[in-house]
Amino acid sequence: MAVRRTSRRRKGRTLPIRRPPPYQQHGQQYGQQYAQHYGQQPPYGPHMPHPPALRPGIIPLRPLGLGDILDGTIKLIRSNPKAVLGLSAIAALIAAVPLAVGQAFVIDATRVALDDPTGAAEAQLNSVYGVIGQYGGTLISYAVQFVVVTLLTGVLTRILGRAVFGGNLSAGEAWRLVKGRVPALFGVVGLMAVIMIVPLIVFTLIMVALALNASASDLGWLFGATILFLILYVGYYLFFRTRFAFASPAVVLEGRGPIDAMRRSWQLVTGDFWRVFGILLLTTLLVGLVAGILTVPFTMAGTLFGMLGADSIATTVLAAVLLALGTMLGSMLTYPFEAGVSGLLYADRRMRSEAFDLVLQTAAIEQQRQGWVHDSADELWHPSNSARS
């Protein structure tokens, strides 16, 4: 407590005069401003230095810390588990089936080779089937993920946009609001795929051309160049992943086109790149760890059953089912958590750079006064509503 001492005579003694400390003065000023604006005194009293942030939904309506973002993501899942986890489970299962089938073929081919190592022709044929199953299943799984994860991200972002105000959306309602933005979402994902894949293709073509004309002594530096490229590519990937992390929320919540949404994301990340990068990376590591813990028992069970079980279609099918369940459980957690963190980081950046929290607070107070969350709350995310637009 700050104390300012001045001379005051009282019965021959000099006594200190205690004045209101700085935080109390600020609290009084805030209380007066609140009363002038809203016509009533703040509910927490006039002497608190920092009033508690309004929290009608999953986050407080103020710039967010890491704990707020993670807590808000968990609250998003808990507040609407049927829509969030249900849609995530369907998407994860659809994407996991091709990969699990391919892995089951690989396990079956390996088991046959171990059971009969002298059958060279059959072992070779099984190895071909195994390679086709592994890489074919992986490619099909990636293609399916491209579709279902893009759609899921859009739907979850729309659910999050309403959950900030304490409202809930069913899966059907969210899809109705998102389906018009699907082409733009695919446009963003397609542009991101081009940005990420083109360097790999160019480098691969160059290295193949060099390897065809290289001697045995040149293989060492070709290997070193490949390792250096992979290290640089990881940085390249993380940089652009961070820069365009808010493109999907900008498409769904702001109604932007693909290129405009990517430009918008770049603008929001500017000035806070390392914080956004750190939170996204930490989220990836956390969900990867938890998903791995959930996946490992099913993967081990499916692998052991496929390797040690009887040579039958039922064994292969059961192994595929166990592998698919493990992959589905891991992805069912990964998809909504990463989408939630990205969406809340997007809201945080707008609150920090555009004073968007003032817009959200004003709307939330009005909705609380009327006792329900309007459908018009979705329109508040449009950039024209920013306090500094």
Side-chain angles (χ1 to χ4, degrees), residues 70 73-74 77-78 81 84-120 122-149 152-153 156 230 234 237-238 280-341:
L70 297 179
T73 303
I74 294 172
I77 298 173
R78 293 179 59 187
V84 175
L85 292 180
L87 290 172
S88 299
I90 294 172
L93 182 59
I94 293 173
V97 167
L99 183 61
V101 171
Q103 289 175 338
F105 274 108
V106 173
I107 293 171
D108 185 64
T110 305
R111 179 185 56 77
V112 171
L114 293 176
D115 290 342
D116 186 15
T118 60
E122 185 178 359
Q124 184 176 4
L125 183 61
N126 281 319
S127 66
V128 172
Y129 288 152
V131 170
I132 294 174
Q134 180 179 7
Y135 291 102
T138 301
L139 291 175
I140 294 174
S141 179
Y142 283 153
V144 172
Q145 285 185 48
F146 176 83
V147 176
V148 298
V149 174
L152 178 66
T153 300
L156 293 181
L230 291 176
V234 170
Y237 172 84
L238 293 175
L280 290 176
L281 181 61
L282 177 62
T283 301
T284 300
L285 295 175
L286 286 176
V287 297
L289 176 62
V290 177
I293 294 174
L294 294 175
T295 303
V296 165
F298 291 90
T299 302
M300 292 181 61
T303 302
L304 291 175
F305 196 87
M307 295 284 290
L308 304 178
D311 183 11
S312 64
I313 296 177
T315 300
T316 304
V317 170
L318 184 56
V321 169
L322 290 173
L323 292 170
L325 284 176
T327 304
M328 185 196 73
L329 286 176
S331 299
M332 187 176 68
L333 171 67
T334 301
Y335 293 161
F337 208 89
E338 289 187 336
V341 168

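In what follows, residues are counted from 1 in the order of the sequence shown. Bear in mind the structure is a predicted one, so any value in this text is a computation, not a measurement.
- Taken from CG in Leu325 to CG in Leu93, the straight-line distance is 8.0 Å, to the nearest 0.5 Å.
- The CG atom of Leu156 sits 9.5 Å away from atom CG of Leu85, with the distance rounded to the nearest 0.5 Å.
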With a cut-off of 3.5 Å and sequence neighbours excluded, list every side-chain donor-acceptor pair involving residues 333-341.
unit_1 : atom_1 : unit_2 : atom_2 : d
Thr334 : OG1    : Gly330 : O      : 2.9

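- Rounding to the nearest 0.5 angstrom, the gap separating the CG atom in Leu87 from the CE atom in Met332 is 12.0 Å.
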| Stepwise side chain to side chain contact (heavy atoms under 4.5 Å, CB included) test for Ser331 and Val149 | CA-CA 10 Å; Ser331 299; Val149 174; over 6 Å; no
Side chains of residues 286-298: which donor-acceptor partners sit under 3.5 Å, not counting sequence neighbours?
unit_1 : atom_1 : unit_2 : atom_2 : d
Thr295 : OG1    : Ala291 : O      : 2.7
Thr295 : OG1    : Gly326 : O      : 3.1

